[in-house]
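Before any comments, here is the structure.
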Amino acid sequence: MSGRESAVTTGRKGARASARNTRARSLRPWPLTLATAVSLGLLLYVASTSLPYLVSSPTTDPNFGALNHCLSQAHPEARLGWAVSPDASRAAVYGPHSVAVCGPGDFVSRRELTGTLALAFDADNRLWLSVGGRLLREDGAALRPMGDFAPVALAGHSHGMLALDDSGQLVAVSPGGTVLAQTLVSGSASRLSVGAGGILAAVLSEGVLRVFDARTLTPVELASPCAVETVWWLDAPERLLIGCAPSGAPSFTVDVRTGVQEKAPEYRSLAPARRLSGRPLYVQGCDGFPCTAPPP
């Protein structure tokens, strides 16, 4: 037998082979189409879930993105708090065991510190920290002790730093560590903030708002129209916007020098945010980093 087949045998086998090939060709595109669909679906899922995160990521923030990128690399661990300098050129974060500082330019620093309770920048962009029962201030590459004091809140003002401890003791400290003034503020879980120019300070505790001269801590008489839930300092140093409790109640603008109060034109949900004392810029926390907040 040679390698040639009869015409009848070859025709039948060819027909069967042709039918099989046709079926195979008709079936092949289905697995490819299914794989393509799965790939496209996965791509759409990743894009739809990742894009919102990237858009709202602290590292893409229009004002603090570069600083946050630096801080995320210098301090990848859990973050308990943050601070921004008055001119937004520096930022810092802290965790249970370390503090990281970035800016301006390529500056980055990390210190291993345990027990940090609060940090803030003064008018000269120097960092102050409450660590282990002491108040410390940046002095070049070192930290200079400013006193045996353990504030839970710090806020820079035009002549130094304000410090508030958990007993309600509010202290104004000069850049050199001299106590300028002190007073006792009643209430727990107080929130401390300073307005534009670092001239006036506010302490909000249990719905009660108190305003002081930031340097002398002289009280500024203020008749609040309601139990206060949130406070936003406005661009004019003497003006602030208060949100009344409970959420959804009216908001008021207040001139703390004249006492004039005006109802805000419409209610807006006022998330807590800080106005930088050196720039008309509002900041709020996002994932442990500072991020730009919309103005009130």
Side-chain angles (χ1 to χ4, degrees), residues 71 74-75 77-86 90-101 109-194 198 200-206 208-219 231 272 274 277 283 285 288-290:
L71 291 171
H75 197 291
E77 304 92 339
R79 294 165 295 278
L80 301 178
W82 52 269
V84 177
S85 65
R90 307 187 73 197
V93 294
Y94 71 91
H97 306 292
S98 58
V99 175
V101 186
S109 168
R110 178 186 169 104
R111 295 182 174 94
E112 304 306 316
L113 295 169
T114 299
T116 302
L117 298 178
L119 46 75
F121 291 91
D122 63 19
D124 296 319
N125 293 337
R126 288 177 298 198
L127 182 67
W128 294 58
L129 310 92
S130 173
V131 182
R134 294 192 302 169
L135 182 62
L136 307 174
R137 195 207 73 196
E138 231 178 15
D139 189 4
L143 294 177
R144 178 182 172 187
M146 294 286 108
D148 296 329
F149 185 49
V152 294
L154 295 171
H157 64 91
S158 58
H159 294 88
M161 184 63 54
L162 289 176
L164 178 68
D165 70 9
D166 57 5
S167 70
Q169 192 72 225
L170 178 63
V171 181
V173 185
S174 74
T178 303
V179 174
L180 301 172
Q182 61 183 35
T183 188
L184 187 63
V185 180
S186 60
S188 59
S190 299
R191 294 202 296 258
L192 174 65
S193 61
V194 173
L200 295 172
V203 178
L204 176 61
S205 178
E206 299 176 349
V208 178
L209 178 65
R210 300 174 179 87
V211 178
F212 302 90
D213 179 283
R215 185 181 184 279
T216 66
L217 296 184
T218 302
V231 176
R274 310 175 194 176
S277 60
V283 188
F289 295 102

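Residues take their numbers from the sequence shown, with the count starting at 1.
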If every non-hydrogen atom of [X] is compared with every non-hydrogen atom of [Y], which pair is closest and at what distance?
{"X": "Arg210", "Y": "Ser186", "result": "NH2-OG, 3.0 Å"}
{"X": "Leu119", "Y": "Trp82", "result": "CD1-C, 3.7 Å"}
{"X": "Ser98", "Y": "Glu77", "result": "OG-OE1, 4.4 Å"}
{"X": "Leu162", "Y": "Ala214", "result": "CD2-O, 3.3 Å"}
{"X": "His75", "Y": "Ala78", "result": "CE1-O, 3.2 Å"}
{"X": "Ala92", "Y": "Val101", "result": "CB-CG2, 4.0 Å"}

N/O donor-acceptor pair under 3.5 Å between Asp124 side chain and Arg126 backbone: no
Side-chain donor/acceptor of Arg79 to backbone N/O of Phe289, under 3.5 Å: no
Under 3.5 Å, which donor-acceptor pairs link side chains of residues 140-160 to any protein atom two or more places apart or in another chain?
from: His157; atom 1: ND1; to: His159; atom 2: N; distance (Å): 3.0
from: His157; atom 1: NE2; to: Met161; atom 2: N; distance (Å): 3.3
from: Ser158; atom 1: OG; to: Gly198; atom 2: O; distance (Å): 3.3

Arg134 atom CZ, neighbour heavy-atom count above 12 within 6.0 Å: no
Step-by-step side-chain contact (heavy atoms from CB on, under 4.5 Å) determination, Tyr94 to Leu113: CA-CA 9 Å; Tyr94 71 91; Leu113 295 169; over 6 Å; no
pair Phe212-Leu170: side-chain heavy atoms closer than 4.5 Å: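 Counting from C-beta outward, Phe212 and Leu170 do come under 4.5 Å.
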About how many Å separate [atom2] of [Y] and [atom1] of [X], when rounded to the nearest 0.5 Å?
{"X": "Leu80", "Y": "Thr116", "atom1": "CG", "atom2": "OG1", "value": "8.5 Å"}
{"X": "Thr183", "Y": "Gln169", "atom1": "OG1", "atom2": "CD", "value": "7.5 Å"}
{"X": "Ser130", "Y": "Leu136", "atom1": "OG", "atom2": "CG", "value": "8.0 Å"}
{"X": "Phe121", "Y": "Ser277", "atom1": "CZ", "atom2": "OG", "value": "11.5 Å"}
{"X": "Asp165", "Y": "Leu117", "atom1": "CG", "atom2": "CG", "value": "10.5 Å"}

Arg90: side chain to side chain donor-acceptor pair (under 3.5 Å) partners, not counting sequence neighbours: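 Per chain and number, Arg90 pairs via side chain to side chain donor-acceptor pair (under 3.5 Å) with Glu138.
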